[in-house]
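Below is one structure, written out as structure tokens, with a few remarks after it.
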Amino acid sequence: MSKDSSDLFGALFEAAPAKSVMSRTVPVLVPMPAPRAYSYAVPEGMAVEPGSVVQVPLGPRQVIGVVWDGDDDGGVDPKKLRPISHVFDCPPLGKQMRDFIDWVATYTLSPPGLVARMALRAPAAFDPEPMIEGLHFIGGQPERLTPARAKVMEIAADGLSWTRLGLAHAAGVSTSVVDGLISQGIFETIFLPPPPVVAKPDPEFTASRLQGPQKDAADEILADVRKGEFAVSLIDGVTGSGKTEVYFEAIAETLRRGKQVLILLPEIALTASFLERFQDRFGAKPAEWHSDLAPKMREKVWRQAVTGEVRVVAGARSALFLPFEDLGLIIVDEEHDPAYKQEDRVYYNARDMAVVRGRIGDFPVVLVSATPSVESQVNGQSGRYTTIHLPTRYGDAALPDLHLIDMRRHAPERGGFLSPVLLRAIGKTVAKGEQALLFLNRRGYAPLTLCRVCGHRFQCPQCSSWLVEHRFRNQIQCHQCGYAERTPEACPECGTLDHLVACGPGVERIAEEVERHFPDARTIMLSSDIAGGVKRLRLELDAIAKGEADIVIGTQLVAKGHNFPLMTLVGIVDADLGLANGDPRAAERTFQLLSQVTGRAGRTGLKSHGLLQTYQPQHPVMQAIVSGDAGAFYEREILERERAILPPFGRLASIIVSADSRQDAEAHARGMRNAAPQVSGIAVLGPAEAPIALVRGRHRFRLLVHGRRNSDMQAFLRAMLAQSPKERGSIQVQLDIDPQSFL
DNA sequence: AGCACGCCGACT
DNA sequence: GTCGGCGTGCTC
């Protein structure tokens, strides 16, 4: 076509009222780090509204997007405009969900498209689930009644609908027998709606058996639930105090009011035993939602949450972005758990965002923990959250007696790490036929290996942390970045053979020591990297609960949720571990972890003990744990935080930058100082203190922003982004500590 | 985020 | 001479 003719077409187009001008343009959030929605044309005859889930062309591919609110700005070059390809036949995301997505995007300074994507993580779930093909028995006689045919007809005579395969299976014949009967008109094919993923939970399946403080606590929360308005409660009670039973009553009440419920749990706590407990109370299991849900199941749960068929979902943090039809309550169990933080792409803390979702949807949120986060503790003290204390254990369970072992006075034998006091206690426990748990939060055999001849230390070539020896796998591994190599026999520096020494203990080494001392005891060692994966882990945990082990040595995965009825001794091998790293939350994490581990013992009423090996018996965390005085710990920790990371730097507080390398971090910090001279508190963390995935190509760094007033932080970060637009998309922001501004 | 394009090193 | 690494830029 010549240039002239195209001009001619252009002229014609202007002369007549152009159709393209008539066609509507809408904003669509696409799964891409763009700062705002893109514009798409709505083809003639296509009906879309804000919230509609659509398929749109984006560059060379088709992607899932959501039609968004607001007038389209029309600023985009009309030549770029492309039409929406398809509208999915699924309920549009509601206004509350859209507001929530916008809020999260603004708060975390994430591209809204990437936040929206989290709500649409169920490929192929957006069109209706296909109907199930069923067979319905009409009656009549086939031409030739063989024994196989008779059997099929006898079974199908119940009048219920059967699937082709199911019927053949039940009759013990092949599907071709059934096919024969279908072709003879004995059966008709009908279409049935897909079955629900889970049965409806029944709030009256069992009556509440709560009493005393549990009953009072439940009543307090029920008052909020009945009002059906936004309110945040913090249930604070020791392990075994009946927290779950209390929030189950809140769930029951919400179900009676006809609303959906979301239970958030750290992935690791979403266990079969939790689901069974729920089933015991409600007669049906909740739907599950977590990262390794089978794709088919994922689609079903997503769709049925959207349509309202599923009433209760128990899920890991990503479940917070399920677009429920009518959500009326969120429970955040183990609210202090760091697993609620997502630290890639969109940075968010599901615990805080759950509170936001409750406020936007105007329904109650219940946070639950034996060791609440300092943030929630502060919010409780200031009255923003209603704190409900459950001070005692339930039934005949009793907390273990806790004692510190001062390792300076009770030193282990040479080459060992277990003090004589702890070894004696293990011996006594095993002799009584009870179980002992040794806890050390360090995988592998030894955290550092060095050459006795030249002093060479094995360091990770990628990220400079020490390589950890894993003797069972004959590997040395980097626990920061995953680098691994075979354990060498000779020192790579001086070439000397057999002179490498392991420094310090890991669980493998403790297991070795235990086996040396108690050769006849049944010993199980558990860490996240055991051969056989999650499946094997489950089996081992079950075996322990059944009493098939005498001594268990484990990392933090034994701390979470599992009940071991025969466990009467918990030994913390190195209670100080974790207090020394640069994390501003070191004390809090240690307190939480050690409280959880010691809480594993004593749940059946047997007399139980906890022994904590420490070099710092005067440390506030140790004192708080043995005295059971959590209040003192929190008081102190809150003050420490005020001093250390909330210094009064004018209106802005402190900023912590961490990056792939310390040089990067320092360069960024310099840039920030120039961009915002009013901020005097900038701390720099290198990768060892704050591990970050190495991302090639693009710089990627992380700001941990600590502040009292989120709006100030936001304003500052926005200003910074405006100054260096190139950093947009590569800066990931996590606003910490400050869950205040959204209330 | 994903994908294409485009530029330089080791190989069928 | 190509295959393929990853740095750069773009997507309504």
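Because the structure is a prediction, the values reported are computed rather than measured. Letters A, B, ... mirror the listed sequences (proteins, then strands); counts begin at 1. For the numbers below, each heavy atom of this structure counts, side chains included, while hydrogens, waters and symmetry mates do not.
Of the candidates dA1(B), dT11(C), dA4(B), dA4(B) carries the atom nearest the Pro60(A) side chain, counting heavy atoms from C-beta on. For Val76(A), counting side-chain heavy atoms from C-beta on, the closest listed nucleotide (dA4(B), dC12(C), dA1(B)) is dC12(C). The nucleotide whose nearest atom lies closest to any side-chain atom of Leu81(A) is, among dA4(B), dC12(C), dA1(B), dC12(C). When distances run from any side-chain atom of Pro33(A) to the nucleotides dC3(B), dA1(B), dC12(C), the shortest one goes to dA1(B).
Side-chain atoms of Glu588(A) and Ser373(A) form no donor-acceptor pair, as typed in the model, at a separation below 3.5 Å.
Rounded to whole Å, atom P of dT11(C) lies 13 Å from atom NZ of Lys79(A). Atom CD1 of Ile64(A) and atom P of dA1(B) are 19 Å apart (whole Å). Atom CG in Leu29(A) sits roughly 18 Å away from atom P in dT11(C) (whole-Å rounding). Gln62(A) places its CD atom 14 Å from the C1' atom of dC3(B), with the value rounded to the nearest Å. Put simply, CD on Gln342(A) is 14 Å from C1' on dA1(B), counting in whole angstrom units. Rounded to an integer number of Å, the gap from Leu58(A) CG to dG9(C) C1' is 14 Å. The OH atom of Tyr40(A) sits 11 Å away from the P atom of dT11(C) (whole-angstrom rounding).
The ring of Phe363(A) has its center no closer than 6.0 angstrom to the ring center of Phe324(A).
At a threshold of 4.0 angstrom between heavy atoms, the contacts of Pro57(A) are confined to the sugar-phosphate backbone, with no base atom among them.
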Handout entry: CA sep, side-chain torsions, deciding dist, call: Arg98(A), Asp102(A), salt bridge (Lys or Arg N to Asp or Glu O under 4.0 Å)
Key = CA-CA 6 Å; Arg98(A) 299 194 313 271; Asp102(A) 276 335; over 6 Å; no

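An OP1 or OP2 oxygen of dG2(B) is reached within less than 4.0 angstrom by no side-chain nitrogen or oxygen of Arg61(A).
Just one residue in the list Leu262(A), Val301(A), Leu264(A), Leu270(A) forms a side chain to side chain contact (heavy atoms under 4.5 Å, CB included) with Trp289(A), and that residue is Val301(A).
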